[in-house]
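The structure under discussion appears below in the form of structure tokens.
In what follows, chains are A, B, ... by sequence order, proteins preceding strands, each numbered from 1.
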There are 2 protein chains.
Amino acid sequence: MPKRENISMSVIRRLPRYYRFLTHLKEKGVTRISSTELSVKLGLTASQIRQDLNCFGGFGQQGYGYIVDQLCDEIGNILGLSNRYKTILIGAGNLGRAIATHMQFEEEGFELIGIFDSSPSKTGTRINGKIVMDTTELEDFCEKEKPVMAILCIPREGVHSILERLYSLGVRNFWNFSHYDISMRYEDTVVENVHLNDSLMTLCYRISNPNNK
Amino acid sequence: MPKRENISMSVIRRLPRYYRFLTHLKEKGVTRISSTELSVKLGLTASQIRQDLNCFGGFGQQGYGYIVDQLCDEIGNILGLSNRYKTILIGAGNLGRAIATHMQFEEEGFELIGIFDSSPSKTGTRINGKIVMDTTELEDFCEKEKPVMAILCIPREGVHSILERLYSLGVRNFWNFSHYDISMRYEDTVVENVHLNDSLMTLCYRISNPNNK
DNA sequence: ATCGTTATGTTAAATATATAACTATTATCT
DNA sequence: AGATAATAGTTATATATTTAACATAACGAT
Ligand SMILES: NC(=O)c1ccc[n+]([C@@H]2O[C@H](COP(=O)([O-])OP(=O)(O)OC[C@H]3O[C@@H](n4cnc5c(N)ncnc54)[C@H](O)[C@@H]3O)[C@@H](O)[C@H]2O)c1
Ligand SMILES: NC(=O)c1ccc[n+]([C@@H]2O[C@H](COP(=O)([O-])OP(=O)(O)OC[C@H]3O[C@@H](n4cnc5c(N)ncnc54)[C@H](O)[C@@H]3O)[C@@H](O)[C@H]2O)c1
């Protein structure tokens, strides 16, 4: 589908924001929008928006603008949101539970099919209707269900060993919340890190250095 | 302290990663490291690391490298981690509870001094020893305690109104987990957005387009 | 139907970021 | 102590990203 190969990550990371905003417009009943209007609302330049969208094709109409509904669908397709990538969650602590309970996986290309924890205090309990399994069941489960993505919500100590097991079970994609950088260990993996602590430290810097930018 | 003004955000966002890795080295008893060693472990170029650090001053010694302990402290100081910015949390749902329970605010420049929720099912309960207050108590509390940062863990519908109240109470810094872009509304605010859904959609794109980069 | 207006798609320029090359300084070995 | 190797700091180059400019196509008013 992409017009050109190798879209830059800078562009990709703006797409969900466009999608989110367009969805919101759609709900409000707005049918048409121009790159200039979008740029004002999103705090970007119109040029950037047009160029971003043109990486994937011409979705607008000259002299008219973009049809909200259509553009929203196009971006959703580019992102691949209609997929249902089978996903498992490792770690049913506070963070894992928050994610399992309130992320709308089905609207974002995924399906949560299993939750695992190593602590007997967690296994057997239910989260959002799903029973938390013991990590000893990981092999059996994965061989049967073939999940392609794993969410890591465990302390850093446990990550290395879990990662080896998941990799050998065919899992190649990871959404990682641990204080641990998975990247580079294997060539054929996709890792999306969410480092909340890093984010907080960045905020601390910005508060401490108000003159910066 | 900065050698030059206006450090770019690209540099700032790498600092926490350096800090995290150096802390880890320190714990392992490593006393000395070169930019090349660092670059291998972090998957960056040595050049970038040297240039990043030199934005703030010469922390190393030519022909020798960097002293782990010292460099770690320097980066911690640059980030401002020894601050104790008074912080309140709005929204004691799953995500808010996970953050309140497991973020080590005191090691990252902040101090959590109050938790608020609007639902009677939450107010009065305890999270990590702290009682969840009703949002009606927000004005009294803030006038007395003068928090400078607020963590937003509430649905998007509630954000606008809470934001207005917090702004008028002098809060200018926000760590935002809501599906809502605060930025640009006020000039003098600092907003660090954490959009988990955006992150997940980005991951979906990357899985769906394995040829991309 | 025609013309002017509008706003896209595209190409070009400017800016920002990352990498490489070079220089200078210090440690360490003989 | 002097020579050599190692490595930070610095300057220059290359690449990536953003912004601006322009040329073209479609709408809509007259
Ligand atoms: N909660 C946060 O705000 C936060 C912020 C930043 C990072 N993190 C990271 O996310 C991780 C989880 O956070 P949390 O708040 O849910 O912690 P938590 O302690 O509440 O939960 C961790 C869970 O992981 C389980 N676990 C530990 N090792 C395991 C293993 N090898 N296999 C399977 N399960 C295992 C534990 O039994 C526990 O249920 C933390 O370790 C931290 O690195 C959390
Ligand atoms: N949990 C996740 O995985 C996740 C992921 C992405 C984004 N988010 C965002 O974070 C928000 C919170 O997530 P959650 O999982 O904790 O949801 P949740 O429903 O468990 O908790 C929301 C809490 O906010 C409280 N609240 C609602 N309006 C309020 C107001 N005006 N003032 C004070 N409190 C108010 C509710 O009473 C509730 O306790 C979500 O709305 C969502 O936008 C959550």
Side-chain angles (χ1 to χ4, degrees), chain A residues 1-15 17-18 22 25 30-72 74-75 78 183-184 202 212-213, chain B residues 1-15 17-18 22 25 30-72 74-75 78 183-184 202 212-213:
Chain A
M1 187 78 24
K3 204 165 154 189
R4 302 176 214 161
E5 299 292 306
N6 272 4
I7 309 295
S8 83
M9 269 311 248
S10 313
V11 176
I12 303 304
R13 293 212 177 275
R14 279 190 293 269
L15 293 183
R17 182 130 183 267
Y18 296 153
L22 289 165
L25 283 180
V30 179
T31 57
R32 164 190 171 177
I33 193 152
S34 72
S35 60
T36 308
E37 284 175 275
L38 268 175
S39 74
V40 172
K41 307 276 188 147
L42 292 172
L44 304 169
T45 65
S47 216
Q48 182 165 63
I49 293 170
R50 289 203 299 277
Q51 205 155 71
D52 282 356
L53 297 178
N54 271 73
C55 290
F56 305 96
F59 304 134
Q61 225 164 0
Q62 291 178 333
Y64 181 84
Y66 300 89
I67 295 164
V68 173
D69 209 53
Q70 181 192 311
L71 184 58
C72 194
E74 291 282 7
I75 296 178
I78 293 164
S183 54
M184 316 271 108
T202 303
N212 202 94
K213 215 178 95 211
Chain B
M1 188 76 25
K3 206 166 154 189
R4 302 175 215 162
E5 300 291 308
N6 273 3
I7 310 297
S8 83
M9 269 312 249
S10 312
V11 176
I12 303 304
R13 293 212 177 274
R14 279 190 293 269
L15 294 182
R17 182 134 182 265
Y18 296 152
L22 288 165
L25 283 180
V30 179
T31 57
R32 163 190 171 177
I33 193 150
S34 72
S35 59
T36 308
E37 284 177 275
L38 267 176
S39 73
V40 172
K41 307 278 187 144
L42 293 173
L44 304 170
T45 66
S47 217
Q48 181 166 65
I49 292 170
R50 290 204 298 276
Q51 207 158 67
D52 281 356
L53 298 177
N54 269 75
C55 290
F56 305 98
F59 304 134
Q61 223 163 1
Q62 292 178 333
Y64 180 84
Y66 299 90
I67 296 163
V68 173
D69 209 55
Q70 181 192 310
L71 184 57
C72 194
E74 292 281 6
I75 296 178
I78 292 163
S183 55
M184 313 273 109
T202 303
N212 202 93
K213 217 178 92 197

(message) When you measure from the side-chain N and O atoms of B:Asn54 to the phosphate of D:dA8, is any distance below 4.0 Å, counting only OP1 and OP2?
(response)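 Answer no for this pair, as no side-chain N or O of B:Asn54 is under 4.0 Å from OP1 or OP2.
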(message) Checking B:Arg14 now: which residues fulfil salt bridge (Lys or Arg N to Asp or Glu O under 4.0 Å) with it, not counting sequence neighbours?
(response)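 In terms of salt bridge (Lys or Arg N to Asp or Glu O under 4.0 Å), with neighbours along the sequence ignored, B:Arg14 is linked to B:Asp52.
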(request) For A:Arg13, check salt bridge (Lys or Arg N to Asp or Glu O under 4.0 Å) against everything at least two apart and list the hits. (result)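 Here the qualifying residues are A:Glu192.
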(message) Give the residues of residues 64-72 of chain A touching DNA chain C, defined as any heavy atom closer than 4.0 Å, sorted by residue number.
(response)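 A:Tyr64, A:Gly65, A:Tyr66, in order of number.
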(message) Distance check, rounded to the nearest 0.5 Å: A:Ile75 atom CD1 versus A:Phe59 atom CZ?
(response)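 If we round to the nearest 0.5 Å, A:Ile75:CD1 and A:Phe59:CZ are 7.5 Å apart.
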(message) I need the A:Leu53 CG to A:Leu15 CG distance, nearest 0.5 Å.
(response)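 If I round to the nearest 0.5 Å, the distance is 8.0 Å.
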Whole angstrom is fine here: how far is it from [atom1] in [X] over to [atom2] in [N]?
X: B:Glu37; N: D:dT7; atom1: CD; atom2: P; answer: 7 Å
X: B:Arg13; N: C:dA16; atom1: CZ; atom2: P; answer: 18 Å
X: B:Ile49; N: C:dA20; atom1: CD1; atom2: C1'; answer: 15 Å
X: B:Phe56; N: D:dG9; atom1: CZ; atom2: P; answer: 13 Å

Only pairs under 3.5 Å count here: list side-chain donor-acceptor contacts from residues 38-48 of chain A, not counting sequence neighbours, and write none if there are none.
residue	atom	partner	partner atom	Å
A:Ser39	OG	A:Thr36	O	2.6
A:Thr45	OG1	A:Gln48	N	3.1

(message) Which residues pass the side chain to side chain donor-acceptor pair (under 3.5 Å) test with B:Ser35, not counting sequence neighbours?
(response)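 In terms of side chain to side chain donor-acceptor pair (under 3.5 Å), with neighbours along the sequence ignored, B:Ser35 is linked to B:Arg50.
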(message) For nucleotides 15-25 of chain D, give me one character per nucleotide, 5' to 3': B if any protein heavy atom sits under 4.0 Å from the base, S if the only such contacts are to the sugar-phosphate, - if neither.
(response) --SBBBB--BB
(message) I'd like to check A:Thr31 versus A:Val68 (side-chain heavy atoms, cut-off strictly below 4.5 Å). Are they in contact?
(response)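 No, every pair of side-chain atoms sits at 4.5 Å or beyond.
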(message) Please enumerate all residues that pass side-chain contact (heavy atoms from CB on, under 4.5 Å) together with A:Glu37, with sequence neighbours excluded.
(response)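 Expected list: A:Ile33, A:Ser34.
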